Every structure is written in C-alpha cells, then in structure tokens.
Number of protein chains: 2
Amino acid sequence: MAVIKKERKPKPDANTTRIQDPEGTRRNILEIASKEFALNGLSGARIDEIAARTRFSKRMIYYYFGDKEGLYLRALENAYRQVREGEAQLDIEGLPPVAALTRLVEFTFDHHHRHEEFIRMVMIENIHHGQYLEQSNAIRELNVTAIDHISRIYSRGVEEGVFRPGLDAVELHWQISALCFFNVSNRTTFSMIFGRDFGAPAQLERLKRNSVEMLLRFVAKDEAPAER
Amino acid sequence: MAVIKKERKPKPDANTTRIQDPEGTRRNILEIASKEFALNGLSGARIDEIAARTRFSKRMIYYYFGDKEGLYLRALENAYRQVREGEAQLDIEGLPPVAALTRLVEFTFDHHHRHEEFIRMVMIENIHHGQYLEQSNAIRELNVTAIDHISRIYSRGVEEGVFRPGLDAVELHWQISALCFFNVSNRTTFSMIFGRDFGAPAQLERLKRNSVEMLLRFVAKDEAPAER
DNA sequence: AGTTATGTACGAACTGGTTCGTTCACGACA
DNA sequence: TGTCGTGAACGAACCAGTTCGTACATAACT
C-alpha cells in the first residue's frame with residue numbers, strides 16, 4: 001500500500017561515501033540473526049543478543065524486520081536461498097548416469113556438510129512443525145527445481161538401460177537427503193552414544209562412499225539379492 | 001495489590017489409602033514434561049505450563065527435579081529409556097540373515113514412526129550440541145547394546161556367504177538410523193516443499209520398502225554395479 | 001514430634017517491543 | 001558557497017508482560 005513517491009535517492013550509482021546504507025544494514029542484521037537462530041532456535045535466540053552482535057541497535061531490527069518472528073522468517077528464507085544457490089554449482093551435464101548420480105550424491109553429502117547452519121535451521125523448523133516455512137511462499141519456489149537433477153539423471157539411466165525402471169525421483173531425492181542430512185543433523189548425539197567421531201575426515205569419507213554405493217546399488221538394473 | 005484470601009482446597013476427606021505418592025507424582029510430572037519439552041524444546045517449554053498440566057503445583061517440579069534443566073535431562077533420559085525398552089521387543093533370533101535384516105529395518109522404521117516424541121527430543125538435543133546427553137551417564141549405557149542386533153545379523157550373513165565382508169556394523173546401524181530417523185524428523189518440511197504427504201500410509205509403505213531394499217542391496221554379496 | 005510432601009503467593013530478572021528524540025545526507029535557495 | 005528544511009536512519013531509555021525460582025505456611029504420614 002505504501003506508494004513511494006519520495007525517490008530520495010537520485011543517483012543509484014553514487015556510491016561514493018554512503019554513510020546511510022539500508023541494504024547493508026539489513027544484510028548485517030540478517031547475517032548475525034541467522035547465526036543466532038541457527039545456534040539457539042527461535043525461542044532460544046535473544047533479540048538483544050542479536051542486536052549487540054550487529055553494528056546496529058535493537059531499534060533497527062524492529063525497523064527493518066517488524067518483530068522476532070519476521071526476522072526468523074527472513075533468516076529461514078535466507079538459509080534456503082543460500083543453499084539452493086550453492087546447489088546450482090553442481091554440473092552433471094554430459095556425464096553418464098552412473099557417474100552423474102555418483103557426483104550428485106557426493107556433492108549433496110559435502111554440500112550439507114558445509115552448510116550446517118542450514119541443516120540446523122531445517123531441524124528447528126521441523127520442531128516448529130513447519131509453521132514458518134508455511135508462511136513463506138518464497139521458499140517453495142526455490143525448491144521445485146531441487147529434484148530436477150535427480151529426475152534427469154534417473155530418466156537417462158533408465159533410457160540407457162543401466163537403471164531399473166519404476167522408481168520415483170522424489171523418493172530418490174528423499175533417500176539421498178536422508179543419508180546426507182542425518183550425517184550432519186545427528187552427528188553429535190550419534191558420536192556421543194557410540195563413542196566414535198563421525199565428523200573425522202576419514203570417517204566422513206567412508207560414510208560418503210557408503211551413501212553413494214547405497215544409491216548406486218539401489219537404482220542398478222541387476223536383480224535385487226532378495227525378492228520379498 | 002489485592003490481598004486474595006487463601007482459598008485452600010477442601011480437604012480430600014475420607015481418603016483412606018495413600019494420599020501421598022511421591023513416585024506417582026514424579027511419574028506424572030515427568031510424563032507431562034516430556035510431552036512439553038518434545039513439543040516446544042528446552043527454552044520453548046514453560047515450567048508454569050507444565051505445572052498446570054500436571055495434577056500438582058510448580059513447587060513439586062522444583063521439589064523433585066531441582067530446576068528446569070534437571071527436569072529436561074530426566075525427560076531426555078526417559079525418552080531414550082522408553083525407546084530402548086521398546087527395541088527389546090524385536091525378535092530376530094533364528095531368522096536367516098536376509099529375513100532378519102529385513103525385519104530389523106522394518107521394525108526400526110515403524111518404531112521410529114511410533115515414537116515421534118523421542119525423535120523430537122533427539123533433534124532438540126542435537127540442536128543443543130548434545131549438551132545434556134553429555135551429562136547423562138545413564139543414557140550411554142542403554143545404547144551400547146543398540147548395535148548388537150545388526151552386528152549379529154551381519155556376521156551371520158557374512159559367514160553364510162550371503163553378505164559381502166568388510167562392512168562395519170556401526171556404519172550399517174548409522175545407515176538404517178538415517179533412513180528411519182529422517183522419515184520422521186523431516187517429514188513436515190519435506191512434505192511442504194514437495195507438496196506431497198510423506199506421512200500417508202501408502203507413501204510410508206513405499207519408503208519403508210525402499211529403505212529395506214537399500215540395505216539389502218548394500219550388504220548383498222553380488223558385485224556392485226559400479227566399481228569406483 | 002519430626003519428617004516428608006504440597007500449595008500459594010510473590011519477587012527479581014529477563015525480554016520483546018515501543019517511545020521519543022537525535023544525527024545525517026541531500027537538495028533548495030540565498 | 002553557505003545555510004537551512006526535510007525525511008530517512010538510528011540510539012538510549014523505557015514499558016509491560018513473562019518466567020524461573022523461592023519463601024512461607026500447612027497438611028499428611030511415621
């Protein structure tokens with residue numbers, strides 16, 4: 001409803017000595033807030049603490065984000081956007097199906113591992129029953145393309161006769177996600193309970209290789225070892 | 001400040017038998033607290049809210065559990081204990097390796113599904129970097145036996161020549177856990193993002209079958225479709 | 001009687017959100 | 001070129017509601 005007629009900024013190019021930098025302010029606040037929310041959860045995070053860590057005052061948080069939940073929602077969207085953008089880095093065009101799937105799983109594994117903050121935000125959001133994800137129409141758009149990769153790889157694999165038909169791309173994505181997500185999300189408790197560092201490089205390599213193998217064997221054309 | 005006349009509860013009257021039941025009080029409090037913590041997390045849960053839902057007053061919580069974190073710790077231990085006890089139900093003795101593994105995965109899948117509260121507590125605890133699990137020496141003891149099943153099945157499978165050697169029981173357990181845990185922990189966001197109800201019975205059956213197949217194919221003796 | 005168990009009222013600290021006023025860049029204009 | 005009006009950007013202090021934890025009184029049991 002706010003019709004902007006001011007147009008106070010005459011020259012968008014004039015970034016000579018901008019002392020006032022609303023976009024930068026927003027970014028700085030969001031960056032800090034993302035860390036705090038990922039670390040402490042929605043109710044655990046403290047607005048005063050976030051403010052203290054930014055270069056600005058609490059007033060600015062409310063000025064730009066309205067309230068705590070608004071800030072959290074933006075942090076959530078921010079996390080999804082960052083990760084989805086990172087996924088665009090993956091290039092599997094031209095690779096034969098098996099190599100492509102291998103690379104996809106390895107990439108996903110590493111990618112999740114690099115973005116623990118995102119993993120934590122997703123966990124937190126699940127704790128909240130997706131209450132905030134639901135409010136964000138921005139996030140869903142980002143994700144429709146998430147199964148594109150696996151979908152294309154799988155189709156090609158079936159066409160070429162190396163993958164068995166009848167499988168579902170979304171379910172394959174689900175399986176890859178499960179293996180890669182769990183590795184980050186539950187590493188702490190798993191390591192504690194079994195007295196073994198599941199974050200150690202060598203161990204991670206093993207888990208990654210296992211994940212790749214699981215997927216490859218699952219989609220492979222040859223018969224399953226046991227028919228139920 | 002309005003001085004409110006103390007309206008003491010009318011005496012319980014002719015209560016012949018035990019009116020004081022410390023163990024029952026503890027149990028009642030712990031039961032309610034477990035639900036609240038699983039629902040709202042440590043910082044999200046409210047002591048007053050927990051007290052209101054019990055048959056007792058907030059005073060009793062502090063009397064029996066010391067403070068909020070003490071109560072949370074007990075709730076966490078309670079969740080682990082309940083689930084581990086449930087796992088003892090599984091009987092795979094005498095089954096051939098493939099059938100045993102099948103049943104183990106199916107059971108784990110269903111068991112996790114039935115104990116969402118436990119799943120949520122584990123998620124919450126991971127958010128806290130296992131800070132409270134660390135304090136509990138009771139929990140670790142419960143879990144050393146958790147890999148016993150998979151370990152025995154796998155050994156037997158290798159001996160009988162149906163499973164390939166060189167795999168690690170703890171890693172197998174890790175893989176089974178990943179698939180089964182994720183199904184509960186991330187169902188909400190996953191369903192939202194892909195616009196598909198991953199909690200629907202038919203869908204669950206598919207996911208369960210996929211999980212079983214993944215494990216069976218992973219341990220199967222036959223060669224992998226792709227050697228890296 | 002003395003110990004255990006329980007409820008009620010309350011306080012100190014915390015926390016999300018607001019109020020009010022100041023600073024600063026920028027352009028109009030003398 | 002210097003001054004001044006204007007609105008966006010921002011900070012310190014404050015407010016009202018919340019929340020953990022406790023003091024005190026009292027009932028029940030041994």
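The basis for the numbers below is simple: all heavy atoms, side chains too, and nothing from hydrogens, waters or symmetry mates. Being a predicted model, the structure only gives us computed values, none of them experimental. Each chain gets a letter, A, B and so on, in the order the sequences are listed, and its residues count up from 1.
Proximity of A/Thr25 to the phosphate of D/dC10: a side-chain N or O atom is located under 4.0 Å from OP1 or OP2.
Screening residues 122-135 of chain A for side chain to side chain donor-acceptor pair (under 3.5 Å) gives A/Glu69-A/Tyr132, A/Tyr72-A/Glu125, A/Asn126-B/Thr189, A/His129-B/Arg120 as the qualifying pairs, with residues at least two apart or on separate chains. Applying the ring-ring contact (aromatic ring centres under 6.0 Å, His included) test to every pair with at least one member in residues 43-70 of chain A, sequence neighbours left out, gives no pairs at all. Listed by first and then second residue, the salt bridge (charged side-chain N to carboxylate O under 4.0 Å, His left out) pairs involving residues 180-193 of chain B amount to none (not counting sequence neighbours). Residue pairs meeting the salt bridge (charged side-chain N to carboxylate O under 4.0 Å, His left out) criterion with at least one member in residues 108-118 of chain A, sequence neighbours excluded, are A/Asp110-A/Lys208. Residue pairs meeting the salt bridge (charged side-chain N to carboxylate O under 4.0 Å, His left out) criterion with at least one member in residues 190-199 of chain A, sequence neighbours excluded, are A/Arg196-B/Asp168, A/Arg196-B/Glu171. Sorted by first then second residue, the salt bridge (charged side-chain N to carboxylate O under 4.0 Å, His left out) pairs that include residues 37-47 of chain B, not counting sequence neighbours, number zero.
Contacts of B/His115 classified as ring-ring contact (aromatic ring centres under 6.0 Å, His included), with partners at least two apart in sequence or in another chain: B/His111. The ring-ring contact (aromatic ring centres under 6.0 Å, His included) test applied to B/His149 returns no partner, not counting sequence neighbours. Residues meeting the ring-ring contact (aromatic ring centres under 6.0 Å, His included) test with B/Phe182, sequence neighbours left out: A/Trp174, A/Phe181, B/Phe190.
Rounded to a whole Å, the CD atom of A/Glu23 is 12 Å from the P atom of D/dC10. Rounded to an integer number of Å, the gap from CD of B/Glu69 to P of D/dT19 is 17 Å.
Within residues 36-51 of chain B, no residue places a heavy atom under 4.0 Å from DNA chain C. For the segment residues 54-66 of chain A, residues with any heavy atom less than 4.0 angstrom from an atom of DNA chain C are, sorted by number, A/Lys58, A/Arg59, A/Tyr62.
Over its length, the helix from C/dA1-D/dT30 to C/dA30-D/dT1 turns its helix axis by 20°, as judged from the five terminal pairs at each end, rounded to 10°.
In terms of heavy-atom proximity, B/Leu133 sits nearest to B/Leu76 at N-CD2, 3.8 Å.
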